[in-house]
Amino acid sequence: MLDIQFIRDNPKLVEEKSKQKGIDVNVGDLLLLDERRRKLVTDAEKLRAERNELSADAKGKKPTPAQIEKGKKLKDKLAKLDDELVPIEEEYTKALKAVPNMPTDDVPVGYSEDENKVAKTVGEPKDFDFKPKNEYELAEPRDLIDKERAAKITGSRFAYLKGDLVRLQFAIIQFVLQTLNDVEIIEKLIRENDLNIVAKPFTPVIPPAMLRTEPYAASARLNAEEVTYRAGQPEDDLWLNASAEHTLCTMYWNEILPEENLPIRYIGYSTSFRREAGTYGKDAEGIFRMHQFDKLEMEVFSTAETGPDEHLLLVAIQEYLVQQLELPYQVIQKCTFDIGKPNARGIDINCWFPGQGQYRETHTADFISDYQARDLKIRTRRKDGKVELVHTNDATAFALGRILKAIMENYQTQDGHIIVPEVLRPYMGGQTEI
RNA sequence: GGAGAGGUGUCCGAGCGGUCGAAGGAGCUUGUCUUGAAAACAAGUGUGUCGGCAACGAUACCGUGGGUUCGAAUCCCACCCUCUCCGCCA
């Protein structure tokens, strides 16, 4: 959530920037609630101060009947105030959480997805001297993907991934872990992009794939309707995570991290689950949009000063990874409308899919500033003793389903086979073709 | 699933109706001493909210929520979580 003090100080700006995100926020109503809440809180505190005084007078000895009488009155008044405060507090919190994060100034203002900007295009789509197939047309006849049987077992949007495709997925995982553990590569990317942050490798993490409602809601990522599956029995209070990011960003919930530990960089590997409600018929073929997919996700906790640069590092890493696979791609600077409620800045990478003849989203990098950390209460104790909110960043390393599809389509041969990208061959025992 | 123990500050740990934001210790910071370090000694050291330019003041927080009471970390109820043993199991 946003800092209420910031909203008090900049009501017009908050309303305007929210509108740029396509979110209508009534700051006037929120501030009215804020005022009423503060008045009640102040009144209640005055009564409590009186009560504390009274009970300090009574300590040790038996309280007089007059003291007891006065205490009872205070108690009644407090109870009344409390009854008023509870619903207002509830409404206030709801209204405050409805306010989106403010986009940074370099985010282009736009009111639809179409206003995203292509920041750059890297690599040339290959000229095939045959009509390129999509990943499903390549895989299905060779029994590398079985969606038919999966449908029998689970319904739509699930698949059995098989054979060399699985080996390719594990090769990608190894390649990413290797790359993100390489300080020299990180150092190089920091230098090339002129970033003011340290070269510290990413620690691999396999997080839990489920989480409880309370931390999930605090992460500003719980989107039950469209995205998230409930897990287990209703009484279990567990959700299936829709990205490793959700169980990574909540990891330090309610903690104060020493500044020396920052930045904390993680590369998480997790199966992700998405309901994909409201997408019926969209991307129905193949494995582009599934209810279940594996994903490698980067997550960074940092100080406020380094948050924006950490974001740029994550984008640089994404580009590096895609370049190593020699996939043509575009970097998309998402406009205010498209970056999402908790984001201050959002960059996508769209890879070229010859089977569809278009660039499509394979990566996203979210800079969330302190918006997540405020509600999650993740703070850092600075060297001077001051306690501040951390900044969080998360970004896709590879969404494995989509990147498999990209590799298959870009590396296909006329006879329907797939050349293994060079950087992955060491992780496949030197195998050059699938 | 059965039986038991427990959740207190950065950590360990005491407190079991008012003197408790909380003993004691460790850690950390600063100072004295020292060529330097260690040791010793002294002082300081939680977070949030509200008010204030600030110094500061008020208030809340001892797993969470409710209750009893003039007054709750302390008593009662419910829930959550953790640990140990047994059972089951990857």
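So you know, we letter chains A, B, ... as the sequences are listed, proteins then strands, and number each from 1. Note that the structure is predicted; figures quoted are calculated from it, not measured.
- When the C1' atom is used for both G46(B) and C11(B), the distance is 13 Å, rounded to whole Å.
- Using a 4.0 Å heavy-atom cutoff across all strands shown, K73(A) reaches no nucleic acid atom at all.
- Using Watson-Crick or G-U wobble geometry with both donor-acceptor distances under 3.5 Å, U69(B) finds no partner in any strand shown.
- Between the C1' atoms of A60(B) and A90(B), the separation comes to 46 Å (whole Å).
- The distance between atom CG of L54(A) and atom P of U69(B), rounded to the nearest whole Å, is 16 Å.
- Taking the C1' atom of each, A14(B) and G65(B) are spaced 27 Å apart, rounded to whole Å.
- Residue R8(A) is classed as a sugar-phosphate contact, given heavy-atom separations below 4.0 Å to backbone atoms only.
- Comparing the C1' positions of A72(B) and G15(B) gives an interatomic distance of 13 Å, to the nearest angstrom.
- For the OP1/OP2 pair of U59(B) and a distance below 4.0 Å, the side-chain nitrogens and oxygens of N52(A) include at least one atom meeting the criterion.
- Distance K377(A) NZ to G48(B) P: 10 Å, rounded to the nearest Å.
- Atom P of nucleotide U69(B) and atom CD1 of I68(A) are separated by 12 Å, given to the nearest angstrom.
- Atom pair L81(A):CG and U49(B):P shows a separation of 21 Å (rounding to whole Å applied).
- Base-pair partner of C61(B): G46(B) (Watson-Crick or G-U wobble, both distances under 3.5 Å).
- Using a 4.0 Å heavy-atom cutoff across all strands shown, R374(A) reaches no nucleic acid atom at all.
- One C1' atom belongs to A22(B), the other to U74(B), and the distance between them is 12 Å to the nearest Å.
- A22(B) is unpaired under the criterion used here, namely a Watson-Crick or G-U wobble arrangement in which both key atom distances are under 3.5 Å.
- Rounded to an integer number of Å, the gap from R381(A) CZ to G46(B) C1' is 7 Å.
- When the nearest nucleotides of RNA chain B are assigned to V86(A) and G71(A) by heavy-atom distance, the more 5′-ward of the two goes with V86(A).
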